[in-house]
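Each remark here refers to the structure printed beneath this line.
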Number of protein chains: 2
Amino acid sequence: MAKVDTSLVAHLPLFSGVKPEDLDEVLREARSVRYPRNAAIFEQGADAQSFFLLLHGHVRAAKTTPTGEQIVVRYVAPGETFGLAMAIGAAHYPATAMAVDDSVVLIWPNSAWPRLIERFPALAANTMQTVGKRLQESHTRILEMSTQQVEQRVAHALLRLANQSGKKLDHGIEIDFPISRQDIAQMTGTTLHTVSRILSGWESQGLVESGRQRIILREPHKIVVLAERSPDGGAA
Amino acid sequence: MAKVDTSLVAHLPLFSGVKPEDLDEVLREARSVRYPRNAAIFEQGADAQSFFLLLHGHVRAAKTTPTGEQIVVRYVAPGETFGLAMAIGAAHYPATAMAVDDSVVLIWPNSAWPRLIERFPALAANTMQTVGKRLQESHTRILEMSTQQVEQRVAHALLRLANQSGKKLDHGIEIDFPISRQDIAQMTGTTLHTVSRILSGWESQGLVESGRQRIILREPHKIVVLAERSPDGGAA
DNA sequence: CGGGCAGTTTGCGATAGCGCAAAAAAGCAC
DNA sequence: GTGCTTTTTTGCGCTATCGCAAACTGCCCG
């Protein structure tokens, strides 16, 4: 088990309010594990035995229906926690987590949680905020799915990804991990065909440049306009 | 400010782990307020100054888009908390709460929260579980909106309402508060017209009996079948 | 270097559900 | 009871989006 440099994680929201000199005490209980691209970290329905903090890479959390359809719950960016089943009182993971890129993850056993939050109450408070924020994001997503058309939802999804995991380029923003049309469809509640058509359209207008599991927003500002325009509005 | 009988709330999930004899100390900080039907309790975007526990009645939490469209986030049943903006670190209420029935609500000032959770850590843990459960429900809702057709989503919504706030009848279950077609549309991401058509259809098959803001599930079991059947399946 | 596979594009017909409009019904106020 | 408001019902055309099928492309593997 490699030792993790406290200075690398001290600034994370999870540890805000924890004194840097105490951080080692928290990290000591975790182990660091590397997952290669496409490796499963945990499966939906499995006993929740650990909780996680992503250090490097990107992780996709997805939920599967009994009939096998999937939705992407979210993409986890470095510095974010995931698999918090223990904290929210779930005995099993409600989703599947998989590394979409080579990733490094800190893993705590659930058994460490009660002790940690007793010793560092800020951890509990920070986690509460995180979960609360995710709840609000979920509600926003439901609102969008209820009131917007597919093109707007795709625009929003890409903008969020760009915001969370965008790599700035000379001209545009590239989403910094492999993501397919299918993935975007599963984030927005549509089909990969429809996503492909939309991106093709945007590409021919120069708004994006994209290829196999790769998307660059060339005109983020114009995509913002797309995302916000009302169902009928605009294109005369 | 009327005194609240501790025995009435002692069994609520919120207070699990709090000793009954300590409960009075928690309740002392709250005031009890009655809201008549259709009264607003708080508005989306307003400064979050309090958090709430519903004692009697029913409350509708709804989110509004900039363009005025609404979705119902959830219906609050007696014994449930709502308006937890403080706990999740939000400065403003992310939704509007309104009494759909004459309701009685316990109200704590946000300023009491830090003290309460310090004194009774179980409150924080219970709230975390509650928020976590709501997050999971949100994800389930997103999954349904992504993968199911409207009729199935309406079936699921009604079954949940029946489960949460159903009054058992000789033959069937009645949803125990006024709810319109529009409300159901806003819970399922469709239009009141479509909901009306669906309920009309069900009514003619004897599955439900409904009227103005009133729905009785006459054949809950058959509605379960509807909710679960695959898009194509069944009706020959 | 030649498959072969996973991911993408595109055409085309089908349709679920929307949106508008108008009428019917159910409460409620006076 | 009468009139008014709110909610519900229903008809009808429209279209955004799906679903299937097929072709295309860039890549990884051997």
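Letters go in sequence order (proteins before strands), and every chain restarts at 1.
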- Would you say the side-chain atoms of B/Lys63 pair up with the backbone N or O of B/Pro94, donor to acceptor, closer than 3.5 Å? yes
- Task: Can you tell me the distance, in whole Å, between the CD atom of A/Gln182 and the C1' atom of C/dA6?
- Result: 12 Å
- Just how far, in rounded Å, is P of C/dA16 from CD of B/Gln152? 12 Å
- Item | Protein-nucleotide distance (B/His193, atom NE2; C/dC20, atom P), rounded to Å | 8 Å
- Query: Choosing from C/dC18, D/dT8, D/dA16, which nucleotide comes nearest the side chain of B/Leu192?
  - Reply: D/dT8
- Task: In whole angstrom, give the distance that lies between atom CZ of A/Arg153 and atom P of D/dA16.
- Result: 14 Å
- Query: So, for B/Phe42 and B/Phe52, is the gap between ring centers shorter than 6.0 Å?
  - Reply: yes
- Using a heavy-atom distance cut-off of less than 4.0 Å, which residues of residues 201-214 of chain A contact DNA chain D? A/Arg212
- Any side-chain N or O of A/Thr194 under 4.0 Å from OP1/OP2 of D/dC18? yes
- Message: From CG of B/Leu199 over to P of D/dT8, roughly how many Å is that when rounded to an integer?
- Response: 9 Å
- Within less than 4.0 Å of OP1 or OP2 of C/dG19, is there a side-chain N or O belonging to B/Thr191? no
- Is it true that A/Glu203 and A/Arg218 make a salt bridge, defined as a side-chain N closer than 4.0 Å to a carboxylate O? no
- Message: When you measure from the side-chain N and O atoms of A/Ser196 to the phosphate of C/dG7, is any distance below 4.0 Å, counting only OP1 and OP2?
- Response: no
- Query: A/Glu69 has an atom CD; how far is it from atom P of D/dG19, in whole Å?
  - Reply: 9 Å
- Message: Nearest whole Å is fine: how far is C/dG17 C1' from B/Ile198 CD1?
- Response: 9 Å
- Determine the sole option in B/Glu137, B/Gln164, B/Glu80 for which the side-chain hydrogen bond (donor to acceptor under 3.5 Å, both in side chains) test with B/Arg74 is passed. B/Glu80
- Are A/Glu144 and A/Arg160 ion-paired here, with the side-chain N under 4.0 Å from a carboxylate O? yes
- Query: Is there a donor in the side chain of B/Ser210 and an acceptor in the side chain of B/Arg181, or the other way round, less than 3.5 Å apart?
  - Reply: yes
- N or O in side chain of A/Arg181 less than 4.0 angstrom from C/dG7 OP1/OP2: no
- Once you round it to whole Å, what is the distance between C1' of D/dT17 and CZ of A/Arg197? 8 Å
